Amino acid sequence: MSQQKSPPSAPADENAYSVAVSRTRGYIIGAIAVVGIVASLIAGFATDAPTLWGLLPIVLYAVLALAGMDIVIATVIALLSGFLILQTPPEEAGTILGDSLGETITIIGVIIMLGAGVGEILKQTGVATAIVRGIMRMVGERSQPAVIVGVMLASGVLVASLGTLAGAIAISAPIILPIAARMGFTKSATASMLFLGGCAGLAMAPFAGSNVAIMEAAEVGYLEYVIFGGGPLALLSLIIGPFIVQWRQNRTQQQDDYYAENEFTDEDDVDPPHSRAATIAFTIALVATVAYAIWTAAGTSFPLLALPVIGIVAALGGRLSAAETITFMYRGAAKLISIFILFWLLAGLFIMIDLLAPFDVILENYGASLAEGSPFVFTILVALLGWVGVPGATAAQVILLDEVFGPLGASMGVTAASWVIVMLFASKADTYGPFPNANMIGVMGLARSSNLRNMLMTGWALLVPATIMYLIILFFQTR
């Protein structure tokens, strides 16, 4: 795979799911959408619920999204497909969309927006930069291995705190890159340590939308999620990650992949005023809310209260006024309005699928034979499907897979711990490969690296042992 000529950039803030496609592909995608809508209209006159035609909206959604259509638009078309099959009158369609506002997946969309709002407060108060600087000062710059561990820890802690990979790395990169340059790291190695550390933190983030969705799907609390799902991945990343980064460093030393001299200045070496107090306040609030969530086994709705409280506490520590606090929360949340709209529409789509009840038909005709199958094989197939075949936001992937396969898994005796592993792998494995993705490209751009092949090699180097690890855990869980 050849190197790119210019550093890649992250998606536009206005739409988290915007995708650039060629005119020819656009015509093909449009033709698929038209065929799907026409087929749905015909099916609506030819059948009544429950019907296997209820699978058509899901298939249409997957095909359109995989082909490159904006996921929000693909969801709208899939929802329209469901309305046509069910022949839903306009007033009932409005009722379904209204009801979807109270669904779990829509709540997760709100949680993601609130998390972005808190992230903006942490950025403005200096909490995010203080976390990174504090860890790097603690580790020091004694050697390259020490810096690798420090960067991975700093990235992981910040991502876990903010619940977003790209946003956290964007904050930490201006602090970390000058350190990496002084220590002689290549751009590819720097991107690798940011990526691996950030992904480890994302696996542990208590209020990240995808993790909340996994806990909801498996009906477990945060502690169980960490033990069976996020914890093993984060631990594996921290154990073998430094070796992967050093391998990348050794392989790229002869590629003229270094940062230029005097590329960075010391403008960001001074912490913002009150950042120390804001950091202490934020840390106490975060630990307290996570401990409370574990102690009480709080459900999906708890972050709706926890995140604003954490943001307010950090703002008070940073001496922000009430108006400034609200403004920053709005600013951060507004960047992810496309995610809220997507999740709201997906909630309506899932209500529509429930009304069409295609899985009732499957279970009625094939439920007995399916239930006699191997839970281990079943879980592997679902995980692989999520890894390579279900597009979209990670939280949306989890909800979709649980909606489709959750009842069947329960009838087969798949445990909650196994389902955590399945949902985690299905939603997060594609971050590491086998193909380039937005997280990889975003981190590369922030690290000023242009070698996509090196980043892919980094992802694969963790994906292979992680797959083996989860296969072993899953085997013993499903025996």
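Remember, predicted model here, so these are calculated numbers, not experimental data. Sequence positions, counted from 1, serve as the residue numbers for this chain.
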I'd like to know if the side chain of [X] reaches the main chain of [Y], judged simply by a donor and an acceptor atom lying under 3.5 Å from each other, with no hydrogens or angles considered.
X      : Y      : result
Glu324 : Ser321 : yes
Thr51  : Asp48  : no
Trp387 : Gly433 : yes
Ser81  : Ile77  : no
Thr88  : Ala93  : no
Arg448 : Leu446 : no
Glu224 : Gly221 : yes

Between [Y] and [X], is there a side-chain heavy-atom distance shorter than 4.5 Å?
X      : Y      : value
Phe328 : Thr125 : no
Asn439 : Cys199 : no
Val220 : Phe228 : no
Ile171 : Leu122 : no
Val414 : Phe405 : no
Leu97  : Trp344 : yes
Leu471 : Ile380 : yes
Leu304 : Ile111 : yes

Report the C-alpha separation of Ser192 and Ile244 in whole Å, then their side-chain angles, then the decisive distance to 0.1 Å, and conclude whether the side-chain contact (heavy atoms from CB on, under 4.5 Å) test is met.
-> CA-CA 8 Å; Ser192 295; Ile244 297 174; 5.5 Å; no
Criterion side-chain contact (heavy atoms from CB on, under 4.5 Å) on Leu60 and Ile32, from CA distance to verdict = CA-CA 8 Å; Leu60 185 59; Ile32 295 173; 4.3 Å; yes
Roughly how far, to the nearest 0.5 Å, is [atom2] of [Y] from [atom1] of [X]?
X      : Y      : atom1 : atom2 : result
Asp430 : Leu463 : CG    : CG    : 9.5 Å
Gln87  : Thr47  : CD    : OG1   : 10.0 Å
Ile337 : Leu342 : CD1   : CG    : 11.5 Å
Glu403 : Ile399 : CD    : CD1   : 8.5 Å
Thr289 : Ile284 : OG1   : CD1   : 12.0 Å
Phe302 : Ile107 : CZ    : CD1   : 14.5 Å

Criterion side-chain contact (heavy atoms from CB on, under 4.5 Å) on Phe425 and Thr467, from CA distance to verdict | CA-CA 8 Å; Phe425 190 90; Thr467 302; 3.5 Å; yes
Before giving the answer on side-chain contact (heavy atoms from CB on, under 4.5 Å), spell out for Leu474 and Phe376 the whole-Å C-alpha distance, their side-chain angles and the decisive distance to 0.1 Å.
-> CA-CA 7 Å; Leu474 199 57; Phe376 179 63; 4.3 Å; yes
Return yes when atom CH2 of Trp419 has more than 12 non-hydrogen atoms of other residues, nucleotides or ligands closer than 6.0 Å, and no otherwise.
-> yes
Can you name the nearest heavy-atom pair linking Leu114 to Pro303, along with the distance?
-> CD1-O, 4.4 Å
